[in-house]
There are 2 protein chains.
Amino acid sequence: MRDNGLTLQSTYSTNAISGLTPQISAHDFQLSARTLATSQANLETCLQWHAEHLKRAQFNVWQIPFSQLTDWKFDESTGDLMHSSGRFFRVQGLRAKTDLAHLNGWEQPIVNQPEFGILGIIVKYFDGIPHLLMQAKVEPGNINSVQLSPTVQATRSNYTRVHKGKTPLYLEYFIDRTRSRFIIDTLQTEQNSRFLGKRNRNMVVQVDEDFSIDEHFCWVTLGQIRRLMQIDNMVNMNARSVIACMPLESSLKTSPLLPSDSSFSSILWRSINAIESLHSQNDVLSWLTEQKAIHELNIDLLPLRTLRQWQHTETEIKHCSGNSFSIIAVAVEAQREVANWSQPIVAQSNIGLVGWLAQQIDGVLHVLVQAKIEVGNLDIVEMTSTLSYLDRIDMLTSNWQPAFIDCFINPPANRVRFSSIQSEEGGRFYRMLNRYMLVEIPEDEQIDVPPGFIWMTLRQVLEFVRLGFFSVEARSLLACLDLA
Amino acid sequence: MRDNGLTLQSTYSTNAISGLTPQISAHDFQLSARTLATSQANLETCLQWHAEHLKRAQFNVWQIPFSQLTDWKFDESTGDLMHSSGRFFRVQGLRAKTDLAHLNGWEQPIVNQPEFGILGIIVKYFDGIPHLLMQAKVEPGNINSVQLSPTVQATRSNYTRVHKGKTPLYLEYFIDRTRSRFIIDTLQTEQNSRFLGKRNRNMVVQVDEDFSIDEHFCWVTLGQIRRLMQIDNMVNMNARSVIACMPLESSLKTSPLLPSDSSFSSILWRSINAIESLHSQNDVLSWLTEQKAIHELNIDLLPLRTLRQWQHTETEIKHCSGNSFSIIAVAVEAQREVANWSQPIVAQSNIGLVGWLAQQIDGVLHVLVQAKIEVGNLDIVEMTSTLSYLDRIDMLTSNWQPAFIDCFINPPANRVRFSSIQSEEGGRFYRMLNRYMLVEIPEDEQIDVPPGFIWMTLRQVLEFVRLGFFSVEARSLLACLDLA
């Protein structure tokens, strides 16, 4: 035996025998996901707490002309929109050339924010059940001002204090490994149709020490937060993203915790724990490799002012067709953090559609995963939901339509397993909403699977999510599935 | 049941009940790795076959001045070295800025070859044992002209026939999924200190139909090819890279196939099959994410002719210090494929050092993995061997030395579990050699692990290798371990 006392743990769970409290295992995450009421919190108190924050939120946001932006300017030579410090983010122009007809020579503004921020949730045991520390947070783009957010949302500028605001509460637990145990720390992309390779560290840390929480924070179980996502615009995108990264899949074939009835949550759990699947992980990788090999993505950054087909007015930069997003400027008056500021923000007036087709194959639910080219992708294609279309569906022409869109437009009600409207990140997106849907196709209905799509179990999806292979839209939908 | 007859398979093996021959499982790859003699081949016949090809190889390579290159030219405005068709590859200049003192403001030539080629090995059952189809292939940079290579090495230019040569034999099995079963298809990087994000599809396909093989090809078991790697410069880099991607790890705790003695191959197998490890896969991901977050890599492409500290003569482009690689030009006379050609090539006169430290932790061998910044990395850092240093070790100063180098310079003989000299890829590198070493540290000797390093079992390494997380140097060393 070695004298430094290192002991092995299983690679496939996070159990370990160190410290006073056990390290959170997949079993305990499952327990948390199945629990709707504890001594710390129930759904009602959580909704009340959110309602109170909604009522008290003193937060005003209004659109302003670009000329009224403080600390932001158009670069003289390029027309790029940038902060006077050169930090935060920059709106540039981009031209994409791909092998797809509808994305060949496409030009658009892009938000370039290459630094990695932290989106982190503290988890702590109460009565043997892991609880998540959520924050009631206002963001300028939020349609309802206050949404449930991760414990910490910190851009790099944020925690190096470029904006001269306060350091976010509890940030120390995500930086100092002696104060917490890092359960998950994984780089995840954001909207690659709007950002150029933007990624954040999605973190889950376990804190054993007791600490008092600020009034803007609240303990919830994983089951509670997922149940709250059945309500439109309640839980923000960052929280959904981190929650999707939590390890739920157990190596046990059956677990006494889990329901064995015919409910949909029971079907979801079987897929999360499934050892068997239509395709092996090596098959999935092989498919993904081929998708990267057959597709082409070349992007060039351009001066923002040279973009063709984009109009630049005093108040917005928008596509001539009217069928896409725009860049606007807003002024913000808030009580918390920095009191007043203005910033550019991405606006989108329509509601996009993010949908997953699911089907049971030999009794195990599989979801249909798409390998999708988006202009900001780090590596050509990214795995995403069956459908992910953020622009205006009513303006689609017969020339090109996203695959499977018909399955999500007025589907039979008994096939719709999940449907709600969720907000995209309110710090960069102004009231941008997507409808998230999961539609289950009956087992005996045959689906033709085009080359860019593959069936995967939820267990496989979760594993690839933690490796950073899935889009934020797909993660968001995954987090919304009610497992209680 | 669904009418399209889809049936599930285990995610963690590649067993399936389709077709006449079973799909190759991890068990059968293990069998192949343990087998040194079959009805198809033994080591002696394989060595004889290689010796014959060496004798018969009519292949002349000599250095020429750049001005004598046919079809290659220096671009007038940038000085970049490029093919007149604009294809194949281009030698450009690069400036790297990182947070590391020895890589800040560093300039160098870089080989830009963004297209994905195919490196593929056909596997076929003989007498119930998977055999690999290897090729005796000449490459201009090979020190001994002929080395054992994958069944197919095809650049994209190669198989779209830009060089007007013949289509590589057996390429159809790697393109047409109706002719073979794709076991592995994974994008893998090459030398990121010399290439800008170059990757190849590393493929293993199973062919069931009988076909006759050309005289330049030979069937070997996985055990045989790994045994041949104990000999210097016998198996080429591409073959080593693909072989490292083969799935060997079994979910069984013990296998009747595997030795249970105290031999080193027995120790390796325990690590390959280990379910327990010092760190979980989520811990490893967490460590890697932090390494990406704390390090910075910014690269700019520059005109080749503007590089500071690089001399450009009639015959070479070399670093002033003499402590690195150079770009030269060679002329080639060969019998096979295109008869005569000339090309630029990367030359390196010293022998580099690629080393892995290993230690048993609670009876399971772990290797010390490094997160390393290299200028051509796709995503800041890449996982690699404990040490990977390609430049001249005798010119290292006291200002900076790679970590753990002392462990590999004159280590006690009883710690050296593997040591041989292997060639880098002979199509782009001229006689570039590295010594590959695995040094085992006794279990009771304490190693201080700096933040950029982490202990992993071979099972963990293999899983991350297939996901494309490991460098070619690390893969190369992994392939060399004798498992028979």
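Convention: sequence-line order gives letters A, B, ...; per-chain numbering from 1.
Within the 4.5 angstrom heavy-atom criterion, atoms from both the backbone and the side chain of A/Glu290 approach chain B. Using a 4.5 Å cut-off between heavy atoms, B/Ile441 does not touch chain A at all. If you measure heavy-atom distances from A/Phe174 to chain B, you find no contacts under 4.5 Å at all.
Between the CG atom of B/Asn282 and the CD1 atom of A/Ile183 there is a distance of 8.5 Å, given to the nearest 0.5 Å. The structure places CG of A/Asp379 at 7.0 Å from CG of B/Leu187, a figure rounded to the nearest 0.5 Å. Rounding to the nearest 0.5 Å gives a distance of 7.5 Å between CZ of A/Arg201 and OG of B/Ser286. Taken from OG1 in B/Thr289 to CZ in A/Phe182, the straight-line distance is 10.5 Å, to the nearest 0.5 Å.
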Report the C-alpha distance between B/His366 and A/Leu8 in whole Å, list the side-chain angles of each, state the deciding distance to 0.1 Å, and finish with yes or no for side-chain contact (heavy atoms from CB on, under 4.5 Å).
CA-CA 11 Å; B/His366 285 62; A/Leu8 297 190; 3.6 Å; yes

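For the pair B/Asp283 and A/Gln23, the tightest heavy-atom approach, listed with the atom from each and the gap, is OD1-NE2, 4.4 Å.
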